[in-house]
Each structure stands twice: as structure tokens, then as C-alpha cells.
There are 2 protein chains.
Amino acid sequence: MGKPHQQRKQEIIQSTLALAAELGVKKVTTQAIADRIGVAQATIFRHFKTRDAIFAEAIAWLADQLFLVLSNCFQSQQDADQRLQQLVHRQLQFISEHKGLPRLLFSDRLHLESPALKQAVQTIMQHYTREVAKLIEEGVDSGHFRQDLDAMQSAGFIAALIQGLVMRWSIFNFDFDLEQEAKPLWDFIDSALR
Amino acid sequence: MGKPHQQRKQEIIQSTLALAAELGVKKVTTQAIADRIGVAQATIFRHFKTRDAIFAEAIAWLADQLFLVLSNCFQSQQDADQRLQQLVHRQLQFISEHKGLPRLLFSDRLHLESPALKQAVQTIMQHYTREVAKLIEEGVDSGHFRQDLDAMQSAGFIAALIQGLVMRWSIFNFDFDLEQEAKPLWDFIDSALR
DNA sequence: ATAAAAAGTGATTAATCACTCACTTTATTG
DNA sequence: CAATAAAGTGAGTGATTAATCACTTTTTAT
């Protein structure tokens with residue numbers, strides 16, 4: 001049954017995300033992860049030095065995947081407003097498929113117990129906001145959005161809108177379709193920017 | 001040193017909120033609460049049956065206070081848009097003064113371990129959204145806001161904006177002035193509704 | 001003043017969990 | 001086919017913490 005290091009690491013990360021989605025971060029114990037992939041609890045520590053290290057890599061993996069999914073919204077040659085709309089849609093879609101993300105991001109375990117993890121999340125958020133701000137600026141320059149817009153501030157509010165929506169979705173136990181919110185959410189954002 | 005029951009309950013609730021604000025929900029142990037008010041750990045359980053019961057009453061207290069602060073935004077005779085602007089400002093001000101609120105609301109302890117607590121939070125949020133929706137409808141009727149607005153949906157997005165902003169504020173360790181965000185936030189909301 | 005009720009406490013318990021370690025099994029390679 | 005490295009494990013340990021309980025002190029009411 002012995003599998004190579006990298007493969008086990010991936011199994012552990014994926015199990016962590018699945019468990020976080022299903023049960024919440026608190027219940028992602030090293031025992032639970034071990035049970036899910038069928039190894040002993042002690043085995044987990046052959047592949048990760050601490051439990052927090054697992055969370056750190058899980059977050060890094062999610063961030064990578066998300067930016068991969070959003071990358072052509074930041075680069076393609078379409079109009080800025082079209083790309084921003086697509087970004088909103090893709091992001092909601094991505095989060096729908098990775099419920100572990102809000103659970104990890106919104107757990108106080110994360111911000112308050114591991115300064116390194118908190119720092120990582122802050123960096124990801126800042127990176128995200130900056131990219132969205134660039135997109136908005138393009139939209140302002142090309143006349144799709146209002147001229148008097150503060151791009152960085154607007155990007156922050158768009159991020160807040162999505163985060164707040166996801167927060168609510170998480171608190172309401174994922175019991176409405178997040179993706180379906182993309183259209184009305186875009187209408188709201190669009191009318192705020194236009 | 002023996003104080004009456006109701007007074008001690010209030011001390012425990014206030015200590016809980018202060019500790020949650022400073023250190024996060026996880027570190028609000030019964031020992032920490034006891035230390036803060038200068039009694040033994042066992043004494044806490046003379047006044048509350050369980051630790052979760054403390055959180056439940058703390059949330060109820062916050063909800064009461066918040067609706068008290070917002071009450072005349074829901075009732076006064078001013079224009080709807082003026083009252084909505086005031087609501088946004090007062091709410092941010094209130095949260096600034098009660099950092100324990102986001103910490104409690106966004107802790108996974110709350111949603112995932114105590115269904116009763118989660119239910120309470122859901123009810124508060126729904127109540128809030130419904131009140132804001134009524135306000136928006138008044139604004140639509142009086143011609144201050146767009147005619148084609150879905151009041152309930154817009155109210156949801158406003159709630160999401162505030163929650164997302166507060167979330168970010170919490171993740172960034174309360175290191176920017178939340179109240180100062182009221183004006184730009186209102187500009188954003190206003191242009192989305194008008 | 002005194003009985004009864006209320007508030008408070010020290011000591012303990014039982015559960016949970018991340019993490020360690022000495023040791024075994026499995027895979028790799030010269 | 002050894003020899004060596006890599007992966008895996010059972011049995012702990014120590015720290016944390018909500019909750020209990022038998023008992024003491026303080027407050028209240030008659």
C-alpha cells in the first residue's frame with residue numbers, strides 16, 4: 001500500500017478539503033484525514049510536519065487552481081466588462097465546486113492561530129483585488145465604466161460582495177445554488193460601475 | 001463578592017464579547033472568562049448551563065442592540081435613501097464598537113457545532129434583510145431608486161457587501177477604519193440602486 | 001439571630017487531539 | 001539478491017478544556 005510521497009500529500013490535501021467542506025475545519029482532525037485515505041493517524045505526520053502545514057498547502061493549492069480558472073479573464077482580448085462578468089461567474093462556479101474554500105477562509109482557526117496562514121490569505125486577497133482593479137481600469141479607459149471610478153476601491157467592493165454572498169451561502173449550509181446568483185450579482189455590479 | 005445572578009450573567013456575556021474581539025472565539029475558554037471577571041472557572045457554570053449557552057445569549061444581546069441602533073432608520077419619516085445611507089453608517093459604526101460580533105458570526109464553531117445557534121443567526125439575518133428590503137421598496141415607490149429593482153435581492157446584496165467588508169476587516173485584523181468605509185460604500189450602493 | 005437560599009470554589013474527571021517514537025513492512029537500486 | 005531508503009504503524013504522551021461535585025462562604029428573609 002505504500003505510495004510515493006507526492007501522491008500521499010495530494011491525497012491528504014484533497015481529503016482535508018473534502019472534510020472541511022462536509023464537516024467544517026474543526027472536525028478535520030489528523031485522525032479523520034487518515035481514516036478517509038485508509039492509513040494510520042501517525043502516517044499523516046510522515047508527509048506533513050504539522051496540521052497547520054496541511055492547511056497551508058491546501059490553501060495554496062486552492063489559490064493556484066482559482067487563478068488558473070480566472071487567468072484568461074485577466075488577459076484575454078475581449079471587452080473589460082465582458083471579462084469582469086465572466087470572472088464573477090467563474091469564481092462563483094469555482095467556489096461551488098470547492099466548498100472547502102469558504103470553510104477554510106472563514107474559520108477563525110485560520111486567522112487567529114497561525115500568523116503565517118493569515119499572512120498567506122491576506123496576500124492572496126490583495127493579489128486578487130489588484131488584478132480586478134486593473135480590469136476595472138481597463139473598463140474605465142475603454143469607456144465601458146464610469147470615469148470617476150476609484151478602481152481599487154470598486155475592486156474591493158466587488159470582492160466584498162462575492163465574499164459576503166459566499167459567507168451567507170456557507171452560513172445557510174450551501175442550501176441555495178450559488179452559481180445561479182451570478183447573473184443578478186452581475187446586474188448589481190454592472191449598474192454600480194456604469 | 002457574591003453578585004446577583006443577572007448581573008453576573010451580563011458580566012460573563014460582556015467578557016465573552018471582549019475576549020472574542022481580542023483573541024477570537026477559540027480562545028474564549030470558560031477559564032479565560034472566569035479570570036477576566038475574577039471568579040473561579042466553576043463559577044461560570046452556576047450562571048450558564050453550557051459554554052454554547054453563553055454564546056447564544058451573547059449573540060442575542062448583540063442582535064437586540066443592533067436593531068435598537070437601527071430602529072429609527074426603519075421607521076423615521078425621512079426619505080428612504082437618506083435612511084438607507086444612515087443605516088449603512090450606523091451599522092458599520094456599531095460593528096466597529098463590537099468586534100466580537102464578526103468574530104462570533106464568522107466562527108465555524110457557531111455554524112457547525114451548534115445547530116440552535118446557527119438557526120438563531122439565520123433568523124436574525126433574514127429579519128435584517130426583510131427590513132432593508134422594505135426600505136428599498138419605499139425608495140422605489142418614492143422614485144428615489146430604479147423602478148425595475150428586486151427589493152429582496154438588492155437587500156441581500158447590500159447585506160453581502162457589508163458582511164464581506166466586515167469579513168475582510170476581520171481577516172486584516174481590524175487594521176483599517178471601518179467607519180470611514182461608510183461613505184464610499186454608500187456611493188457604491190447608491191449608484192447600484194439609482 | 002438564624003435558617004434557607006444563592007453564589008462561589010478547589011479538586012477532579014473524561015474526552016479530545018496533535019504529535020512522537022521505536023519498530024515493521026514495502027519499494028528501490030546497485 | 002542483498003542493502004538501503006522510504007513508507008507505514010501501534011502504542012503512547014502531554015496539553016487542553018468543558019463540565020461535575022462535594023463542600024464553603026455570602027446574602028437574604030423572617
Side-chain angles (χ1 to χ4, degrees), chain A residues 1-17 19-20 22-59 103-104 107-117, chain B residues 1-20 22-59 103-104 107-110 112-117:
Chain A
M1 286 289 191
K3 293 185 185 173
H5 185 56
Q6 288 306 323
Q7 198 175 327
R8 275 283 189 243
K9 274 183 91 160
Q10 263 309 306
E11 283 185 12
I12 291 169
I13 289 171
Q14 294 309 316
S15 298
T16 296
L17 291 174
L19 285 167
E22 289 165 23
L23 311 168
V25 175
K26 169 92 188 287
K27 296 201 180 143
V28 183
T29 61
T30 52
Q31 184 67 65
I33 298 169
D35 287 350
R36 184 173 255 261
I37 62 181
V39 296
Q41 184 244 1
T43 302
I44 301 299
F45 291 92
R46 278 264 176 261
H47 303 285
F48 287 92
K49 201 152 175 23
T50 65
R51 182 176 177 246
D52 273 347
I54 304 174
F55 290 142
E57 292 212 24
I59 288 169
R103 285 277 146 88
L104 276 172
S107 75
D108 57 2
R109 198 160 321 292
L110 197 137
H111 334 142
L112 292 150
E113 268 162 79
S114 169
L117 271 190
Chain B
M1 285 288 192
K3 293 187 185 173
H5 186 56
Q6 288 306 324
Q7 199 174 326
R8 274 284 190 244
K9 274 183 91 160
Q10 263 308 307
E11 284 185 11
I12 290 170
I13 288 171
Q14 293 308 317
S15 298
T16 296
L17 291 175
L19 285 167
E22 289 166 23
L23 311 168
V25 175
K26 168 91 188 289
K27 296 204 178 142
V28 183
T29 61
T30 52
Q31 183 68 63
I33 299 169
D35 287 350
R36 183 174 258 260
I37 63 180
V39 296
Q41 182 248 356
T43 303
I44 302 300
F45 292 91
R46 278 265 176 262
H47 304 284
F48 288 91
K49 200 149 177 23
T50 65
R51 181 175 177 247
D52 274 346
I54 304 174
F55 290 142
E57 293 213 25
I59 287 169
R103 286 275 144 90
L104 277 172
S107 74
D108 56 3
R109 145 141 235 98
L110 197 136
L112 293 149
E113 270 162 80
S114 170
L117 270 190

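Letters A, B, ... are given to chains in the order of the sequence lines, protein chains preceding strands, and every chain is numbered from 1.
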> What distance do A:His47 atom NE2 and A:Gln10 atom CD have between them, rounded to the nearest 0.5 Å?
Replying inline: 12.5 Å

> Just how far is it from atom CZ of A:Phe55 to atom CG of A:Leu17, taken to the nearest 0.5 Å?
Replying inline: 9.5 Å

Identify the pairs formed between an N or O of the protein and an N or O of nucleotides 2-4 of chain D at a distance under 3.5 Å, and give each distance.
none

Would you tabulate the nitrogen or oxygen pairs shorter than 3.5 Å linking the protein to nucleotides 7-9 of chain C?
residue, atom, partner, partner atom, Å
C:dA7, OP1, B:His5, N, 2.7
C:dA7, O3', B:Lys3, N, 3.4
C:dA7, O3', B:Lys3, O, 3.4
C:dG8, OP1, B:Lys3, N, 3.4
C:dG8, OP1, B:Arg8, NE, 2.6
C:dG8, OP1, B:Arg8, NH2, 2.7
C:dG8, OP2, B:His47, NE2, 2.7
C:dG8, N7, B:Arg46, NE, 2.7
C:dG8, O6, B:Arg46, NH2, 2.2
C:dT9, OP2, B:Ala40, N, 2.6
C:dT9, OP2, B:Thr43, OG1, 2.7

>> Is the phosphate of C:dA18 approached by A:Thr30 (side-chain N or O, under 4.0 Å from OP1 or OP2)?
In response: yes

>> Evaluate A:Leu19 against A:Thr29 for side-chain contact (heavy atoms from CB on, under 4.5 Å), listing each step before the verdict.
In response: CA-CA 9 Å; A:Leu19 285 167; A:Thr29 61; over 6 Å; no

> With A:Lys3, which residues qualify under salt bridge (Lys or Arg N to Asp or Glu O under 4.0 Å), at least two apart?
Replying inline: A:Glu11

> Looking at residues at least two apart in the chain, or sitting in another chain, which of them share a salt bridge (Lys or Arg N to Asp or Glu O under 4.0 Å) with A:Glu57?
Replying inline: A:Lys9

> Between the two end axes of the helix from C:dA1-D:dT30 to C:dG30-D:dC1, each built from 5 base pairs, what angle do you get to the nearest 10°?
Replying inline: 10°

> Between A:Ile12 (CD1) and C:dA18 (C1'), how many Å, whole number?
Replying inline: 14 Å

> Rounded to whole angstroms, how far apart are CD1 on A:Ile37 and P on D:dA7?
Replying inline: 13 Å

Show me, pair by pair, the donor-acceptor contacts under 3.5 angstrom made by side chains of residues 33-46 of chain B, not counting sequence neighbours?
residue, atom, partner, partner atom, Å
B:Asp35, OD1, B:Gln31, NE2, 3.0
B:Arg36, NH2, B:Glu22, OE1, 3.1
B:Arg36, NH2, B:Glu22, OE2, 2.8
B:Gln41, NE2, B:Thr30, OG1, 3.0
B:Thr43, OG1, B:Ala40, O, 3.3

